[in-house]
J.: 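Let me give you the structure first, and then I'll get to my questions.
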2 protein chains.
Amino acid sequence: MSKDEPETTDSAGAPEARAGRRPTIYDIAQRVGLNPSTVSRALNKPGRTNAATEEKIRAAAAELGYRANPMARALPTGFSGTYAIVLPDITNPVHFELIRGAEQVARANGFTLIISETEGSAEIERETIETLQPSVDGLLVVASRLDDAELAALATVKPIVGANHSTPSLPSVAPDLPMGLVAALDHLDDLGHRSVAYLGLGGAQINRSRWDLTLDLADARGIAVVEIAVDAPTVEGGADALRRVRASGVTAVLAYNDLVAHGLLRAARSAGLSLPEAFSVIGFDDIFSAELAVPALTTLRSPLREIGTRAMETLIDPEHNRAPSKVVLPLELIVRESTAAPTR
Amino acid sequence: MSKDEPETTDSAGAPEARAGRRPTIYDIAQRVGLNPSTVSRALNKPGRTNAATEEKIRAAAAELGYRANPMARALPTGFSGTYAIVLPDITNPVHFELIRGAEQVARANGFTLIISETEGSAEIERETIETLQPSVDGLLVVASRLDDAELAALATVKPIVGANHSTPSLPSVAPDLPMGLVAALDHLDDLGHRSVAYLGLGGAQINRSRWDLTLDLADARGIAVVEIAVDAPTVEGGADALRRVRASGVTAVLAYNDLVAHGLLRAARSAGLSLPEAFSVIGFDDIFSAELAVPALTTLRSPLREIGTRAMETLIDPEHNRAPSKVVLPLELIVRESTAAPTR
DNA sequence: CTGTTAGCGCGTTCAT
DNA sequence: ATGAACGCGCTAACAG
């Protein structure tokens with residue numbers, strides 16, 4: 001367009017807002033009669049260029065509606081300005097608040113968030129991480145199914161922070177399991193329960209530590225405890241477990257999460273059982289529907305939102321990545337109506 | 001292991017899996033003694049290269065653990081293999097099934113999904129879309145706060161598909177509102193309700209059409225109807241509306257969504273009201289907790305998952321983008337316990 | 001303070 | 001069938 005006179009410039013000032021193609025630094029450089037690199041500098045390193053021309057450049061950029069192309073920027077710099085969060089199951093309400101916390105911190109810092117689901121499969125998780133790595137500046141891995149060594153190997157390429165579960169060789173943000181379980185067991189102990197079941201999810205790494213801990217704590221209080229495995233950490237999984245719970249003869253149940261607890265509640269109600277008289281139930285997470293249930297769910301409230309924000313903060317912050325930081329957040333017992341003294 | 005070539009190369013065959021840097025087509029080109037462009041061709045246009053060398057290249061790529069850099073690929077092609085979904089509120093359970101549907105289709109087709117929240121603000125939405133545009137091949141906009149004209153203008157840069165709400169000049173996938181509302185009003189009419197309230201969200205585009213439709217349908221049945229605005233489409237918003245609902249004297253309420261309905265239920269219970277005797281409630285969406293509530297929620301079930309999959313499919317499919325397609329999915333009334341004949 | 005020159009990793013003409 | 005050269009949009013040396 002500008003077959004320009006050195007001095008005049010604007011003459012044939014046609015509004016070149018063509019549909020589709022977006023303006024580049026070349027367009028604005030040509031418009032103000034400067035070099036593209038100068039434009040780049042003016043836009044990115046404020047102060048390192050003449051105040052007057054910087055203003056001219058900014059004005060032109062604004063007029064043209066210029067927006068930097070993150071992809072093009074990522075090539076030379078190696079930084080894409082995007083982070084990824086990879087988790088087993090998007091529909092699990094537990095992840096809602098966590099994702100939101102992470103997204104909020106990312107956006108507040110001008111970063112974009114990629115979200116990816118692994119369906120609880122270790123292979124998909126590995127594949128996903130490797131595929132995403134070149135496009136992101138770091139990954140937030142929630143409830144990973146990969147073992148520590150593999151995670152550590154993957155983290156040599158791009159920083160990885162574990163969220164909602166502890167990762168020995170990587171920075172992580174997780175709830176204080178001992179604190180929560182102690183509160184739960186004490187509560188049950190105080191009510192007089194002598195026999196409880198832990199409704200766990202076989203296979204998940206995070207499940208093992210919970211079960212081991214529960215075993216120790218119950219033992220220390222002289223409470224008998226059995227593990228009952230659910231097929232999936234869902235409402236259906238919990239409902240399917242009712243039969244085994246009743247067969248076990250326990251007076252109280254610790255559920256893997258609130259979804260499982262919900263399922264158990266629903267199945268019990270369908271079977272004509274009255275809770276908490278038939279047995280007590282303690283959930284995990286305190287998802288928004290926990291207090292909506294009948295009976296309202298006694299549960300361990302996990303600070304999911306904060307787990308998300310803290311995890312994203314340590315991912316973004318280069319400092320925290322150096323020394324594998326371990327952030328542990330309080331896990332609080334919320335007592336509602338699903339727990340009571342045993343009737344037998 | 002090719003330490004084969006007498007003349008060139010490998011001698012100091014050190015395993016170059018250096019931590020950090022990922023192999024490029026140059027690495028594999030050099031490894032097999034070919035030109036990078038040949039490698040590119042072999043990997044992307046199967047058949048357009050010698051079968052033998054193609055195999056050699058593939059083998060080398062596998063050994064090195066090569067993965068194409070999406071960013072670098074996006075520059076020359078203009079396609080990033082990434083799509084974005086932008087929505088007002090991540091924590092709304094409604095959006096999760098939708099996101100999951102979209103994510104599933106995206107991943108099944110080898111695409112990555114970016115997720116971004118707008119907090120229900122039109123400005124943030126515009127800003128978000130413009131920022132994301134250069135990095136994506138298209139956008140899925142859920143419950144947009146932008147008007148049709150602006151959306152259409154934005155869509156000239158990169159394809160946009162509307163989800164869960166109708167967008168006149170853009171392709172969209174949305175539930176069949178008339179179908180659902182007719183069922184809801186008929187249900188209420190049959191039960192004998194003569195006066196209902198619509199608990200709507202002021203400001204949202206999608207809200208207007210619902211209200212207008214409700215007005216028409218109620219009118220046609222000789223049912224009096226009032227609109228009560230909630231501050232936010234959340235449990236809290238619904239709870240706060242209880243006072244106005246009672247003041248209005250209606251015998252039934254149509255809630256903007258299940259969250260609002262949940263809030264109303266909870267507030268009513270706290271106030272010692274018995275539902276559905278005091279008044280009937282119909283929700284919208286049928287989120288998983290709807291049947292957990294007490295009384296279990298009668299609600300309009302929205303095919304959220306399918307909205308997500310269909311929307312992503314039309315976004316991906318270049319055909320559907322040409323002629324602004326309108327996909328309308330059935331909205332079914334699920335009758336549970338929160339509706340009954342009026343007691344006054 | 002600004003212009004020149006080189007790439008980042010890849011796809012895509014062109015030649016060969 | 002393969003190689004050489006160029007460009008995508010931008011940043012980063014290095015000159016001037």
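Chain letters run A, B, ... following the sequence lines, proteins first, then strands; residues in each count from 1.
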J.: By the 4.0 Å heavy-atom rule, please label N50(B) as base, sugar-phosphate, or nothing.
T.: sugar-phosphate

J.: Nucleotides 8-11 of chain D: which of its N/O atoms have a protein N/O under 3.5 Å away?
T.:
residue, atom, partner, partner atom, Å
dC8(D), O2, P76(B), N, 3.1
dG9(D), N2, A72(A), O, 3.1
dC10(D), OP1, Y66(A), OH, 2.6
dC10(D), OP1, N69(A), N, 3.4
dC10(D), OP2, I25(A), N, 2.7
dC10(D), N4, Y26(A), OH, 3.1
dT11(D), OP1, N44(A), ND2, 3.0
dT11(D), OP1, R73(A), NE, 3.1
dT11(D), OP2, S40(A), OG, 2.5
dT11(D), OP2, N44(A), ND2, 3.1

J.: Could you check whether R100(B) pairs with D89(A) (Lys NZ or Arg NE/NH1/NH2 to Asp/Glu carboxylate O, under 4.0 Å)?
T.: yes

J.: Test of understanding: with ring pair (Phe, Tyr, Trp, His ring centres under 6.0 Å), list the residues that count as partners of Y66(A), not counting sequence neighbours.
T.: none

J.: Are any of the side-chain nitrogens in R107(B) or E103(B) under 4.0 Å away from the carboxylate oxygens of its partner?
T.: yes

J.: Quick one: does any side-chain atom of R58(A) pair with a main-chain N or O of A42(A) as donor and acceptor, under 3.5 Å?
T.: yes

J.: With the threshold set at 4.0 Å, does a side-chain nitrogen-carboxylate oxygen contact exist between E123(A) and R145(A)?
T.: no

J.: P159(B) and D137(B): which non-hydrogen atoms are nearest, and at how many Å?
T.: CD-O, 3.4 Å

J.: Got E54(B) and L43(B) here, is their nearest side-chain heavy-atom distance under 4.5 Å?
T.: no

J.: Considering only residues two or more places apart or on different chains, which pairs with a residue in residues 98-134 of chain A satisfy ring pair (Phe, Tyr, Trp, His ring centres under 6.0 Å)?
T.: Y83(A)-F111(A)

J.: Which ring pair (Phe, Tyr, Trp, His ring centres under 6.0 Å) pairs, counting each pair once, include a residue from residues 25-57 of chain B, with sequence neighbours left out?
T.: none

J.: Answer yes if the side chains of Q133(A) and R67(B) hold a donor-acceptor pair under 3.5 Å, and no otherwise.
T.: no

J.: With a strict under 4.0 Å distance from non-hydrogen atoms of chain B, what nucleotide opens and what nucleotide closes the contacted stretch of DNA chain C, reading 5' to 3'?
T.: dG9(C) to dT12(C)

J.: For DNA chain D, just give me the dot-bracket, please: Watson-Crick or G-U, both distances below 3.5 Å, ( ) intra-strand, [ ] crossing earlier pairs, | paired with another strand, . unpaired.
T.: |||||||||||.||||

J.: For atom C1', what is the distance between dC6(D) and dT5(C), given to the nearest Å?
T.: 16 Å

